[in-house]
Peer 1: 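If you scroll down you'll find the structure; I have some questions about it.
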Amino acid sequence: MAACHTDVMAPTTPATQRRRRRGAVRPVPAVADWTRAGLFGRLSGVDRIFTLEQARLLMPDLLARADDVVAARADLVELQTALNQGTASPLGGLPEVKALEARLSESLGWFTAEGLDLKGIAPLLLDFPAQLNGVDVLLCWLEGERELRWYHKPEHGFAGRRPIPGTIPGAQA
């Protein structure tokens with residue numbers, strides 16, 4: 001293997017070079033497999049593009065799942081804190097921690113299975129890949145909001161959130 005390919009290979013040490021000659025070291029991609037070149041704020045598993053109407057139709061299910069995530073997350077933190085401090089908890093013990101972790105994982109998995117981009121879990125932050133007026137955007141929902149009212153361009157992130165036109169009086173595109 002040529003030395004000029006070190007930018008996509010594991011770090012070069014004498015041991016690595018010996019393993020590489022034996023074929024035991026595989027190249028590491030220069031770009032992580034989970035990224036999609038040229039698209040900011042999107043994961044490769046998010047292939048659905050929502051219309052505003054489709055996103056809003058999903059909101060009742062999203063809110064129910066979000067409420068479950070918030071409850072499970074709070075119980076898990078409380079229970080883990082008690083276990084770490086060696087104190088008893090009315091929420092249970094280690095088996096209940098495992099059950100809450102599974103419940104949280106299942107609920108979070110629902111979001112990505114529906115085509116949403118899970119940005120954070122505390123607070124819960126989700127993006128719907130979409131288009132507004134022919135422009136690629138992410139419809140942005142944050143824990144505590146009961147309606148879908150915000151969007152941002154993928155390259156601007158959360159800091160670039162703007163009201164979806166027509167959802168907040170006086171808001172413009």
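For reference, positions follow the sequence shown, starting with 1.
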Peer 1: Please name all residues satisfying side-chain hydrogen bond (donor to acceptor under 3.5 Å, both in side chains) with Arg56, sequence neighbours left out, ordered by chain then number.
Peer 2: none

Peer 1: Counting C-beta onward and ignoring hydrogens, is there a side-chain heavy-atom pair between Leu118 and Leu124 closer than 4.5 Å?
Peer 2: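 Yes - at least one pair of side-chain heavy atoms lies under 4.5 Å apart.
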
Peer 1: Name all pairs fulfilling the side-chain hydrogen bond (donor to acceptor under 3.5 Å, both in side chains) condition that reach into residues 64-93, sequence neighbours left out, sorted by first residue then second.
Peer 2: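 Pairs touching residues 64-93 that pass the test: Asp67-Arg146, Asp68-Arg103, Asp68-Ser107, Arg73-Glu143.
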
Peer 1: When rounded to the nearest 0.5 angstrom, what distance separates OH in Tyr151 from CG in Asp127?
Peer 2: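 One gets 13.5 Å once the value is rounded to the nearest 0.5 Å.
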
Peer 1: Check whether Leu132 and Leu142 end up in the same hydrophobic cluster, where Ile, Leu, Val, Met, Phe, Trp and Tyr are linked by side-chain heavy atoms less than 4.5 Å apart.
Peer 2: no

Peer 1: Which residues pass the salt bridge (Lys or Arg N to Asp or Glu O under 4.0 Å) test with Lys153, sequence neighbours left out?
Peer 2: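 Salt bridge (Lys or Arg N to Asp or Glu O under 4.0 Å) list for Lys153, sorted by chain: empty.
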
Peer 1: Could you tell me which residues satisfy side-chain contact (heavy atoms from CB on, under 4.5 Å) with Ala55, sequence neighbours excluded, listed by chain and number?
Peer 2: Phe50, Phe128, Leu139, Leu148

Peer 1: What's the spacing between Leu116 CG and Trp141 CH2 if we round to 0.5 Å?
Peer 2: 10.0 Å

Peer 1: Can you sort out the partners of Glu147 under salt bridge (Lys or Arg N to Asp or Glu O under 4.0 Å), two or more places apart, ordered by chain and number?
Peer 2: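 Glu147 satisfies salt bridge (Lys or Arg N to Asp or Glu O under 4.0 Å) with no residue once adjacent residues are dropped.
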
Peer 1: Can you name the nearest heavy-atom pair linking Leu104 to Ala72, along with the distance?
Peer 2: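 So the two residues come closest at CD1-CB, 4.2 Å.
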
Peer 1: I'd like to know if Val69 and Val97 are part of one continuous hydrophobic network [Ile/Leu/Val/Met/Phe/Trp/Tyr, side-chain heavy atoms within less than 4.5 Å].
Peer 2: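 Cluster IDs for Val97 and Val69 match.
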
Peer 1: Rounded at 0.5 Å granularity, tell me how far CG in Leu126 sits from CG in Leu138.
Peer 2: 11.5 Å

Peer 1: Is the CD atom of Gln54 crowded by more than 12 outside heavy atoms at less than 6.0 Å?
Peer 2: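 Buried by this count: over 12 neighbours within 6.0 Å.
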
Peer 1: Which other residues belong to the hydrophobic cluster containing Leu57, where Ile, Leu, Val, Met, Phe, Trp and Tyr are joined when side-chain heavy atoms lie under 4.5 Å apart, directly or via other members?
Peer 2: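 Via sub-4.5 Å side-chain contacts, Leu57 links to none.
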
